[in-house]
Amino acid sequence: MSEYAEGTVNKPFWKEMPDVAGYVGRKLPTLDRSLDSYLDRNFEAIIEEWGLLREDDIIELERRLDRITEDVTRLSTGKTALADRAERLAIMISGLEEVAGR
């Protein structure tokens, strides 16, 4: 009873044994800890099996998308130029056919 008389009653029990709280917390199984442990062990296989993308895959896809966007822009510009040229050629052919038809 002298312990209580000295006023240590207000001290939390875990303060007396600081390592116990961490030890017990690590040893008690929880869904979060079990799931984290499972994912840590099997992450590469899960990514491969499910066909998930990694950060480097996304970066490569973004680069490819940028190149494709540039190609589409270039081809679109070229399409307009080809359409104009085809129209001029059609006019020239019509003119030659009129001359040849006389």
Side-chain angles (χ1 to χ4, degrees):
M1 292 264 181
S2 67
E3 183 178 357
Y4 295 110
E6 293 173 8
T8 59
V9 121
N10 293 332
K11 262 189 177 177
F13 176 74
W14 295 114
K15 292 283 186 186
E16 298 289 325
M17 298 196 241
D19 294 334
V20 173
Y23 177 79
V24 171
R26 286 190 305 272
K27 292 298 179 182
L28 289 177
T30 65
L31 179 60
D32 288 344
R33 255 188 242 110
S34 299
L35 187 58
D36 286 345
S37 175
Y38 173 80
L39 290 174
D40 287 344
R41 286 191 314 270
N42 299 302
F43 201 64
E44 291 295 323
I46 292 170
I47 287 174
E48 190 68 32
E49 182 179 333
W50 291 357
L52 300 175
L53 295 176
R54 299 178 194 173
E55 187 175 351
D56 55 334
D57 294 332
I58 293 172
I59 291 169
E60 179 59 28
L61 287 173
E62 287 174 345
R63 287 182 190 149
R64 288 175 57 192
L65 180 62
D66 289 343
R67 283 194 302 261
I68 290 170
T69 302
E70 290 171 6
D71 289 345
V72 167
T73 302
R74 184 178 46 80
L75 290 172
S76 180
T77 303
K79 178 184 173 187
T80 304
L82 286 175
D84 291 344
R85 185 173 178 201
E87 186 178 334
R88 284 185 301 214
L89 287 173
I91 292 170
M92 290 173 65
I93 290 172
S94 296
L96 289 174
E97 288 174 344
E98 285 180 15
V99 171
R102 285 188 191 167

Distance-only donor-acceptor hits, side chain of residues 53-70, under 3.5 Å, sequence neighbours excluded:
residue: Arg54; atom: NH2; partner: Glu44; partner atom: OE1; Å: 2.9
residue: Asp57; atom: OD2; partner: Arg54; partner atom: N; Å: 3.1
residue: Thr69; atom: OG1; partner: Leu65; partner atom: O; Å: 2.7

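Residues Met92 and Val99 do not share a hydrophobic cluster, clusters being chains of Ile/Leu/Val/Met/Phe/Trp/Tyr side chains in contact below 4.5 Å. In the hydrophobic cluster analysis, where Ile, Leu, Val, Met, Phe, Trp and Tyr join through side-chain heavy atoms closer than 4.5 angstrom, Leu75 is grouped apart from Leu82.
Atom CG of Asp71 sits about 12.0 Å away from atom OG of Ser76, to the nearest 0.5 Å. Here the straight-line distance linking atom CD1 of Ile47 with atom CG of Asn42 works out to 11.0 Å at 0.5 Å rounding. Here the CG-CD1 distance, from Leu39 to Ile46, works out to 5.0 Å after rounding to the nearest 0.5 Å. Ile91 contributes atom CD1, which lies 12.0 Å from atom CG of Leu96 (distance to the nearest 0.5 angstrom).
Every residue was checked against the salt bridge (charged side-chain N to carboxylate O under 4.0 Å, His left out) condition with Arg85, not counting sequence neighbours, and none meets it.
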